[in-house]
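Below, read A as the first sequence line, B as the second, and so on, with proteins coming before strands; counting in each chain starts at 1.
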Amino acid sequence: MDGDICATATTPPDSDPARKRRVHGMLKLYYGLNEEGKTVDQAESMNPCDINGTHFDPEVYLNKFRRECSLGELMDQESCMVKQIRSLDSDMQTLVYENYNKFISATDTIRKMKNDFKKMEDEMDCLSTNMAAITEFSAHISGTLQDQHAQITKLSGVHNLLRKLQFLFELPARLNKCLELQAYSQAVSSHRRARCVLQQYSHMPSFRGIQDDCHAIMDKLAQELRQKFRDGGSSAKDLSECVELLLQLDEPAEELCDKFLIHAQSRLETNLRGLEAETDILEFIDRGCNEFVSSLCLVIASYQELFVNRPQEGNLASKNIPQMAIGKLHAFVDAMATCYFSLVERRIQEEKSVGDNSLLVRALDRFHRRLQAVAKLLPGSAVPSQGTEIVVRAARERIKQYLAALQSFYLDSLRDVRQALAAPRLATGKDAPASLPELLSSLSASILNQIKSVLASVHLFTAKDITFSNKPYFKGEFCSQGVRESLVVNFIKFVCQSSRQFCESAGDRGGSTPPALLLLLSRLCLDYETSTITYILTLTDEQFLVQHRSPVTAVAALCGEAREAAQKLLKHYVKVQGLIISQMLRKSVETRDWVNTIEPRNVRAVMKRVVEDTTSIDVQVSLLYEEGTRKAHSSDSSKRTFSVYSGSRQQTRYAPSYTPSAAMDTNFLSNIHKLFSERIDIFSPVEFNKVSVVTGIIKISLKTFLECVRLRTFGRYGLQQIQVDCNYLQMYLWRFVSDENLVHFLLDEIVGSTAHRCLDPAPMEQSVIEVICERG
Amino acid sequence: MYQPYLVLQARALTSQTAESDAIRFLVGTQSLKFDNQIHIIDFDDENNIISKSVLQHQAGEIWHISASPADKAVLTTCYNKSEAPALSLSQLGASVFPAQVVSSESRVVTCGAVWRMPPEWESGSHESPDDPHNSHNPQNLELLCHLDNSSHGNASCVLWEPMGDGKHVISLADNHALLWDLTESSTQATISSSATLEGKGQLKFTAGKWSPHHNCTQLATANDTAIRGWDLRTMSQIYCIENAHGQLVRDLDFNPNKQYYLASCGDDCKVKFWDVRNINEPVKTLEEHSHWVWSVRFNHSHDQLVLTGSSDSRVILSNMVSISSEPFGHLVDDDDLSDGEDNHQDEKTQEPLQDSIISTYEEHEDSVYAVEWSSADPWLFASLSYDGRLVINRVPRALKYHILL
């Protein structure tokens, strides 16, 4: 038991947590509060040898010690035991002492409290008696003052009423005074305050009088306001004030809207009239923006302020005023904008000079930019989109103008070239052909430059700082359909087409177009086909970032067209030049009496002329076209070929024809010979080289010669003259053609046909022919 | 295609106008050295056989030939004759050649004459096409009368009155158009009226055509680049298309079914179609040939078929639907449309028909100077080139059915 007390007593001063826990555990153990429950408790408690247990039996304990331990151990145990008992005793004494002290101080405190409470009780009693007296007095006072308070309340009510009445009675005078001073807003607010009251008490005659007076005055006021409203002179701000007041006077909002708008309209129309006087596009747009558009914005803003955005106060006639007002505003703005737009469009259409596009673009940009303000003010309005459409139309129109300008530039250049071709020929003679390549290059370069400058001008429409350039039209359709198709492609097509027209118009009327121009244009078209078109279109595509969403004309198609035009022009050139030479030949054959001609002494002048012309054509063509390929000819083609045709084939043709039967045979044989000989295509298409062109011309000329010869009848010397002429032609023409066999073949045919058409076919000796030809 | 060879050069070709059963063409040869001939080409369509008969035309080389519309056996020729040693004039005797030709200096004149074919030619000198050398003793043509034009110059062509009774011909000689009456079975020819082309320089008719319309009272002529119309009743000019072609006009033909329509061709390689009521512009121009166009012919029944021959050795058959008298093609009844092919053709007729080149014939190796439709079979035509090759062709079958159905 002592151990136990010692343990509980000593633990509090000890603050070591581990030890505390141990002590706590021991306590727990003592009270049997461990997890094992009663069994451990019982097992422990049953042990009589446990000195701290409840069932401790000193006898058993002693016996056990005595039995189990040696003497030494017993001695030790005993001294230990004594030491423990001693410490336990001292602990107990300390505890008892301390507890005693505390108890004594507590007793003192209680005694002192007892005395204090008594004093307090007395004071509380005194307080309660005082309070009862106060209550009594208070009840007494309120009872006496009750009547007077009711009277005062009543009096102050009367005073208020009288003040209001005074306001009412003074109202007409006050209103009049306001009217005189034109303090309309004050008058309106005063009247508004009195209106309900007057309305309520209108059954009383005096109030009715006041009300009538007020009404009269207010009517007058309204009249005056309306007058002021009607006067054009007042500013927009005044006007809006007027409208606000009138609205407060319960004027019908719809009428006011209309009036307001009519008013605004007249002012806007004066703005528009002012615009018409402007000449410069930029100033025109500026003035339009600054005057008309800003006025319009002001009107829209103040209108919205007045009619649309005002709070729904009082019992205004109808709830849907804002809707009605908005509707009217839209109609009004649309109408005004239409007027303005038509003016702008007319003005833009007048802008025809294509010199400087930047002015127009800037003007359009400003125009478009300012309309955005309207868009912000009036979100649902169609005005900005219409404005954009105008810009789009203007851009389209511009492209058309540029196309027209390009076309006229092209035609002008052609006219210049034409003059240049005609002029030097008159002045200096030989210089003309030399300038042909220069003319071509300058023509080509100037056209290209013009296209580039036009592209640059048009490019302004899509510049980044231009507000409308990010509209879908300018991003897509403008670039692809507008610039690429309408402008560039159309121009190229125009070039081809106008070139082709030269072929058609000149054909019938006998070369109204100088052949050199045909040649030059043909080369131009060919250059277009090979490089220029690709270059221009690539340039366009790069500049305008054409997106190939919409179908565009392919480069190949344009090239094909250009090539076709070049081909046609060249063909026409061949035809025209061929015609000039054939006409000479035809006249020379038709006008001569071939039956009775004299023996040939020399080559006819016309043949020399033919050779000369052919040579000059050859020179002309070589200026613009490459040489081209030709079949190799022998070292001395002029002689060799001539001797061949004169010797072998020609002989078989007419030599044996003195006897009829033999003639039948040879003719038949010649036909068979023809069947097996390589068929020479006289009319093969012209190629883009010099040889082919000159060959074509020679073919046409010689074919004409042949046909003319076949229509005539010849005498002996007629045949010989033709022989001489053909020999001469053979000597000079072979060098121009791609295949000398062709000249050979045709000349062979001519002499053969002449022999057939000859009454007395006696051919001339080849040697004599050669002598004559060499003599010239 | 059938290509009989004549042994001589030739430029004159006509179909036998009065013959409506047999397909028959007449060809006149052109030779200065030998006796000229008229070849009668018969074509047996069913068996594809060509047979040829030869008649001697000893008067001279034939430049133009024309068959009477009334009498199968009668024809006219324009021929050259000249006083030249090589020519076998003596064979013919003085009865055939009056003294007009003979002069001190040799010269060539072109005359017109009316001839009759001997009645027995068909049985007599028939020869097989395979054997062209077997033409011994061919018969002579019987001269009916000369179109004596010594005072008027060289005859370029002789025209019969279309669909007439074979009693009127017109000859074009230099700058004169002479209307002849043939009397006493065509043995006598008298000038009933004449017109003369006046103007600067040496004017000369190159071609002409007697219009089958207006009761045969109109004539069209060509000189140089101009086409002129004449009223035969007054022998006065009624219209003149100046510069109809860029160069010489070579041939003319009237549309047989549209009275104001005229085709012309010339050295500018073009074929033009004119409405003579509006002569400022041609109605249509074809530019398919690459050299002079020598001959243009409307088909007698289906005037959309136009035939042209050119010295580029080509013959072109064109389908000029847009200016024909059947501009919308033949209208097909829906009932007739039974099979797919018909439907297909129906689609074609629905859409506006385009003028087109039907075919280009390139069998010739020399200039083609004459083309002619058969008067018996509207689907058959002949073309003649200078080397004496005559080619007979048919209109393509598909087109024929397209037109007919």
Side-chain angles (χ1 to χ4, degrees), chain A residues 503-504 506-511 571 575-576 578-579 582-583 586 590-591 593-596 654 657-661 663-668 670-672 674-675 677 679-685 696 699-700 703-704 706-707 710-716 749 753 755-761, chain B residues 5-9 11 30-35 60-61 63 80-88 105-108 110 132-133 135 202 204 206 225 243-248 250 267-270 272 282 285 287 289-292 294 310-314 362 365-367 369 386-389:
Chain A
C503 306
E504 274 144 33
D508 292 343
R509 304 288 173 253
K571 195 175 151 197
K575 213 164 173 177
V576 168
L579 176 65
S582 350
Q583 286 292 38
R586 187 160 79 92
E590 276 179 0
T591 51
D593 181 1
W594 290 99
V595 179
N596 299 310
Y654 61 82
S657 59
Y658 298 101
T659 53
S661 60
M664 297 278 184
D665 283 338
T666 44
N667 211 329
F668 189 70
S670 119
N671 280 328
I672 287 176
K674 262 188 181 175
L675 268 178
S677 67
R679 181 168 174 164
I680 295 174
D681 195 2
I682 302 171
F683 303 100
S684 52
K699 278 193 293 195
I700 289 181
K703 179 73 180 173
T704 305
L706 173 66
E707 290 298 332
R710 284 179 178 181
L711 288 170
R712 301 299 310 241
T713 310
F714 293 83
R716 171 199 297 207
E749 278 291 316
S753 290
H756 268 286
R757 304 288 317 143
C758 185
L759 297 169
D760 179 20
Chain B
Y5 267 96
L6 314 183
V7 286
L8 297 169
Q9 265 80 15
R11 353 175 133 236
Q30 212 178 22
S31 170
L32 289 166
K33 292 131 205 164
F34 316 112
D35 285 346
E61 51 170 7
W63 285 84
N80 261 7
K81 55 183 180 178
S82 63
E83 189 207 39
L87 206 71
S88 50
E105 211 182 22
S106 67
R107 68 191 183 108
V108 180
T110 318
H133 306 294
S135 55
Q202 262 201 326
K204 199 178 162 214
T206 53
T225 61
N243 288 318
H245 284 265
Q247 300 170 55
L248 205 67
R250 290 279 169 193
D267 288 1
D268 58 359
C269 313
K270 289 177 186 167
K272 293 188 180 183
T285 302
E287 205 174 348
H289 286 291
S290 56
H291 204 246
W292 305 354
W294 285 79
S310 158
S311 38
D312 63 5
S313 310
R314 293 191 180 95
E362 303 197 347
E365 295 189 344
D366 207 334
S367 307
Y369 292 129
Y386 190 60
D387 54 9
R389 180 184 286 190

Look up atom OG1 in A:T713 and atom CG in B:N80, then write down how far apart they are to the nearest 0.5 Å.
5.0 Å
For a quick test of reading the model, state the closest non-hydrogen atom pair linking A:K575 to B:D268 and the distance between them.
NZ-O, 4.0 Å
Tell me, side chain or backbone of A:L711 under 4.5 Å from chain B's heavy atoms, or both, or neither?
both
So, the side chain of A:K703 versus the backbone of B:D312: is there a donor-acceptor pair under 3.5 Å, distance only?
no
Chain B contact via A:S582 - side chain, backbone, both or neither, heavy atoms under 4.5 Å:
neither
Taking the side chain as everything from C-beta on, heavy atoms only, tell me whether B:S367 gets closer than 4.5 Å to A:R710.
yes
If the condition is side-chain hydrogen bond (donor to acceptor under 3.5 Å, both in side chains), which residues does A:R586 pass it with, not counting sequence neighbours?
A:Q583, A:E590
Based on non-hydrogen pairs under 4.5 Å, which of B:W294, B:W63, B:Y386 is most in contact with chain A?
B:Y386
Quick one: are A:R757 and B:E61 in side-chain contact, heavy atoms under 4.5 Å?
yes
B:H291 vs A:E707, side-chain contact (heavy atoms from CB on, under 4.5 Å): CA-CA, chis, key distance, verdict
CA-CA 10 Å; B:H291 204 246; A:E707 290 298 332; 3.8 Å; yes
